[in-house]
Amino acid sequence: MLQDEFNDIERNRYEKMLALREAGIEPYPTRVIKTHTTAEAIAAFESAEKAAQAAGESALAEPVKATLAGRLRAIRNMGKLSFAHIEDRDGKVQLLFRLDELGAERLAQFVNDFDLGDYIETSGEMFRTRRGEVTLQVMNFKMIAKALLVLPADKDEVVNGETVRHSTLTDPEIRFRQRYVDLAVNPEVRETFKVRAETVKALRSFLDERSFVEVETPILQPVYGGAAAKPFTTYHNQLKQELFLRISFELYLKRLVVGGIDRVYEIGRDFRNEGVSFKHNPEFTQLEFYMAYADYLTIMELTEQMVSEVAQKVLGTQIIRFDGHEIDLTPPWRRLTIRQGLIEQAGVDINDYPTAEALSAVLKEKGIAHKPDAPRGKLIGLLMEEYLEPTLIQPTFLMDYPRDISPLAKNVPGDPNTVERFEGFIAGVELCNAFTELNDPIEQQNRFIEMGRAYASDDEERHPLDEDFVRALAYGMPPTGGFGMGVDRLVMFLTGNHNIREVILFPHLRSTREEDEETKTDTK
RNA sequence: GGUCCUGUAGCUCAAUUGGCAGAGCAAGCGCCUCUUAAGCGUUAGGUUUUCGGUUCGAGUCCGAACAGGAUCACCA
């Protein structure tokens with residue numbers, strides 16, 4: 001029980017709450033009145049002030065009355081006078097409780113009943129203090145929600161117009177497990193998630209404006225595919241069926257293109273049963289879109305337009321700062337083939353090494369560890385990671401990928417080893433992945449079979465053959481360009497966060513013993 | 001999964017060679033009618049993550065577990 005674990009401070013608050021109720025004051029009342037947000041109240045007062053000034057009056061024509069509601073974030077009791085700040089979605093406003101105005105009994109009620117973190121409804125008149133801060137002179141107030149637990153201490157100091165925070169919550173474990181506390185005390189975290197919401201909205205409207213149709217496809221799938229990743233498995237009890245959580249939307253979205261929804265997109269969650277890192281969370285948000293009568297060159301143009309427009313809308317600029325770099329998202333982005341990039345950065349022309357064996361020798365020479373039976377494409381991937389990707393700071397489309405690691409992409413005409421695929425890189429990190437979609441059903445079937453053979457030694461990475469997807473292609477899919485992007489990654493770039501957990505509200509953490517025990521008792 | 005680092009009051013952090021576990025904020029009490037990291041005085045607050053070991057004595061050394069972080073591996 002919550003009460004059993006209270007410390008002295010929390011017990012004191014709990015008892016205050018009970019005492020209020022005893023005295024006939026409900027600490028969690030049902031209704032609340034709020035005429036202005038904090039920012040609206042300040043704006044209303046300032047415009048009244050301006051109007052008075054324009055009329056040459058020293059006093060307002062009539063007082064600006066407001067009823068505000070919010071969380072108490074600072075209290076400064078001064079005996080016969082109390083200052084406080086409340087916070088709501090718009091910001092903060094100062095309250096002034098005066099003995100003259102309220103009387104000794106009411107003032108004492110504020111001082112005694114209220115603690116930092118409590119929610120208060122308060123009404124009065126706006127005025128400006130001698131130090132110049134727009135403030136609510138409190139005439140009435142009431143508790144609207146008592147906080148029993150104590151928020152971490154944090155104080156803002158304004159130094160030369162800059163807000164400096166003092167010893168606020170930084171422990172990542174509490175910040176992510178109890179994100180509500182993090183959000184409550186760290187306004188910049190709230191800001192990050194506002195940017196995230198705006199980003200998703202801007203992506204949607206970009207695609208909507210171009211006649212893309214937003215759809216939702218199955219998360220629980222009998223056959224997974226569209227990426228080379230290990231899936232989570234689950235089980236439908238009544239159907240006695242093993243199911244997979246999707247690792248991509250690709251195969252379902254292309255079925256929809258076959259069905260005639262020739263511009264289609266989905267924003268949703270993918271699940272990959274792999275290691276976690278600063279850029280990987282087991283569930284992450286993906287945007288995929290498919291555009292018929294287009295190829296990867298069309299998609300490249302659309303991508304640079306989309307990302308730069310989203311940045312402009314959300315941040316008001318196309319210049320972002322990330323990892324100490326100033327990055328310019330303005331189109332056009334640099335286009336670089338993998339072959340050319342590797343010639344420049346690694347001094348290797350992959351065309352000189354047409355077999356995995358030949359390339360393997362090059363990697364050995366350069367001291368890059370790899371599995372002896374790795375396909376040629378994987379070896380090229382290792383070279384890219386080592387020499388090429390870290391150099392791609394400004395937005396770059398890295399294009400023309402090895403065929404054997406891209407089973408869903410169409411060949412570059414006349415080049416059997418290379419497919420029309422690109423990945424967008426910013427600050428050395430992959431942002432998106434796109435290709436000219438393979439629409440030849442027989443070729444697609446062969447590629448699945450090839451992949452199955454290539455990964456036969458490692459069951460978990462095996463690409464399952466999705467027969468229904470092949471059948472769909474056999475009904476005819478127009479030439480199509482497809483695109484996938486990690487939305488979390490984009491938000492990382494736009495907000496300057498280096499860890500994906502900073503842009504996911506509830507990132508995955510190992511369960512605690514407490515949670516394990518709760519699960520046990522639940523199933524009893 | 002490997003390697004390295006970290007875990008001390010509600011929060012942020014100290015603690016000398018192994019020798020009485022401390023500060024600021026937050027909290028309680030007192031004073032204070034324009035404060036804003038309010039101020040002054042005062043009081044309380046600890047299973048040093050957990051379990052075990054070494055030692056006269058462990059926050060500190062050793063082992064294990066748990067959690068977090070960094071990095072590598074994995075990851076189109």
Side-chain angles (χ1 to χ4, degrees), chain A residues 5-13 73-85 92 94-102 107 112 115-117 127-133 135 137 149-159 163-177 181 185 226-230 247-248 250 272-282 284 369 371 375 377-378 380-382 384-385 398 401-409 419 421-423 430 432-435 451 458 460-461 463 484 498-499 501 509-516:
Chain A
E5 283 161 27
F6 281 158
N7 62 30
D8 291 352
I9 300 171
E10 293 155 358
R11 181 146 305 277
N12 179 274
R13 287 175 173 228
R73 294 310 312 276
I75 299 174
R76 295 178 293 278
N77 292 324
M78 303 186 59
K80 299 189 175 68
L81 195 66
S82 283
F83 286 97
H85 271 95
K92 290 183 187 174
Q94 182 167 256
L95 311 178
L96 173 60
F97 298 78
R98 288 179 55 209
L99 181 72
D100 295 351
E101 180 65 45
L102 296 164
L107 183 61
N112 295 328
D115 295 295
L116 289 181
F127 78 110
R128 197 178 279 279
T129 62
R130 278 173 220 164
R131 293 283 184 90
E133 181 162 350
T135 299
Q137 159 102 302
L149 300 183
V150 188
L151 289 172
D154 69 314
K155 294 200 170 187
D156 291 350
E157 183 184 14
V158 178
V159 182
T163 300
V164 181
R165 330 214 72 226
H166 290 276
S167 66
T168 187
L169 178 70
T170 57
D171 179 356
E173 187 150 6
I174 303 176
R175 288 191 49 228
F176 299 143
R177 284 194 202 282
V181 175
V185 301
K230 294 171 198 164
I247 57 173
S248 86
E250 173 142 5
R272 296 188 183 176
N273 205 340
E274 284 156 1
V276 290
S277 79
F278 72 96
K279 49 180 178 176
H280 297 273
N281 195 60
F284 61 98
K371 287 184 191 159
K378 274 227 154 151
I380 293 173
L382 289 172
M384 283 159 50
E385 269 173 45
L398 197 55
Y401 275 64
R403 184 190 117 116
D404 56 11
I405 55 169
S406 313
L408 302 161
V419 294
R421 170 179 167 190
F422 73 84
E423 291 189 355
E430 178 197 339
C432 60
N433 180 21
F435 29 87
M451 288 303 284
D458 189 346
E460 284 180 315
E461 284 186 16
H463 227 87
H498 298 91
N499 194 314
R501 290 175 168 188
L509 296 181
R510 212 179 283 267
S511 65
T512 58
R513 204 169 289 172
E514 196 179 60
E515 287 162 344
D516 293 343

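Keep in mind that what you see is a predicted model, and the values were worked out from it rather than measured.
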| remark: In 5'-to-3' order, the base (B), backbone-only (S) or no-contact (-) status of each nucleotide in nucleotides 1-7 of chain B, using a 4.0 angstrom heavy-atom cut-off, is -------
| request: Sugar-phosphate means primed atoms, P, OP1 and OP2; the rest is base. With that split, encode nucleotides 23-28 of chain B 5' to 3' as B, S or - using protein heavy atoms under 4.0 Å. | output: -BBBSS
Rounded to the nearest 0.5 Å, what's the gap from [atom1] on [X] to [atom2] on [Y]? Could you check?
| X | Y | atom1 | atom2 | answer |
| --- | --- | --- | --- | --- |
| A/Ile75 | A/Leu116 | CD1 | CG | 4.5 Å |
| A/Asp171 | A/Arg177 | CG | CZ | 10.0 Å |
| A/Ser248 | A/Leu408 | OG | CG | 8.0 Å |

Rounded to whole Å, how long is the line connecting atom [atom1] of [X] with atom [atom2] of [N]?
| X | N | atom1 | atom2 | result |
| --- | --- | --- | --- | --- |
| A/Ile405 | B/C75 | CD1 | P | 11 Å |
| A/Glu274 | B/C75 | CD | P | 7 Å |
| A/Leu81 | B/G39 | CG | P | 16 Å |
| A/Phe6 | B/A44 | CZ | C1' | 19 Å |
| A/Leu382 | B/A76 | CG | C1' | 12 Å |
| A/Phe278 | B/G68 | CZ | P | 18 Å |
| A/Glu173 | B/C11 | CD | C1' | 15 Å |
| A/Lys279 | B/A70 | NZ | P | 13 Å |

| request: Name all stems that contain residues of RNA chain B, defined as runs of 3 or more consecutive Watson-Crick or G-U wobble pairs, both distances under 3.5 Å. | output: B:1-7 with B:66-72, B:10-13 with B:22-25, B:27-31 with B:39-43, B:49-53 with B:61-65
Say we look at [N] and [M]: how far apart would their [atom1] atoms be, to the nearest angstrom?
| N | M | atom1 | answer |
| --- | --- | --- | --- |
| B/U60 | B/U48 | P | 10 Å |
| B/U12 | B/U55 | P | 37 Å |
| B/C61 | B/U17 | P | 11 Å |
| B/G63 | B/G41 | P | 47 Å |
| B/U42 | B/U36 | C1' | 24 Å |
| B/U8 | B/U49 | C1' | 10 Å |
| B/U6 | B/A15 | P | 13 Å |
| B/C5 | B/G46 | P | 32 Å |

| Base of B/U71 paired with side chain of A/Ser277 (donor-acceptor, under 3.5 Å) | no
| query | Is a donor-acceptor contact shorter than 3.5 angstrom present between the side chain of A/Glu157 and the base of B/U36? | reply | no
Could you tell me which non-hydrogen atom of [X] sits nearest to which non-hydrogen atom of [Y], and how far apart they are?
| X | Y | answer |
| --- | --- | --- |
| A/Ile247 | A/Ala229 | CD1-O, 3.8 Å |
| A/Ser406 | A/Arg421 | OG-NH1, 2.8 Å |
| A/Gly117 | A/Leu151 | CA-CD1, 4.3 Å |

Can you figure out which of [options] approaches the side chain of [X] most closely?
| X | options | value |
| --- | --- | --- |
| A/Gln94 | B/G68, B/U35, B/C11 | B/U35 |
| A/Thr170 | B/U12, B/C75, B/A38 | B/U12 |
| A/Glu423 | B/G10, B/A76, B/C34 | B/A76 |
| A/Arg76 | B/A38, B/A67, B/U71 | B/A38 |

Quick one, [X] and [Y] - any side-chain contact, counting heavy atoms below 4.5 Å?
| X | Y | result |
| --- | --- | --- |
| A/Gln94 | A/Arg131 | no |
| A/Arg73 | A/Val185 | yes |
| A/Glu274 | A/His280 | no |
| A/Pro152 | A/Thr168 | no |

| Residues A/Lys155 and A/Glu157 bridged, charged N to O under 4.0 Å | no
Give one of base, sugar-phosphate or nothing for [X], where a contact means two heavy atoms less than 4.0 Å apart.
| X | value |
| --- | --- |
| A/Gly275 | base |
| A/Thr129 | base |
| A/Phe435 | nothing |
| A/Thr168 | sugar-phosphate |

| Short side-chain N/O contact from A/Asn499 to OP1 or OP2 of B/A70, under 4.0 Å |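 For B/A70, OP1/OP2 do have a side-chain N/O of A/Asn499 under 4.0 Å.
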Under the rule for side-chain hydrogen bond (donor to acceptor under 3.5 Å, both in side chains), what residues qualify as partners of [X], not counting sequence neighbours?
| X | value |
| --- | --- |
| A/Asp115 | A/Lys16, A/Lys146 |
| A/Asn77 | A/Ser82 |
| A/Arg403 | A/Glu443, A/Glu450 |

| Which residue lies more 5' along RNA chain B, comparing A/Glu133 with A/Ile174 via nearest heavy atoms | A/Ile174
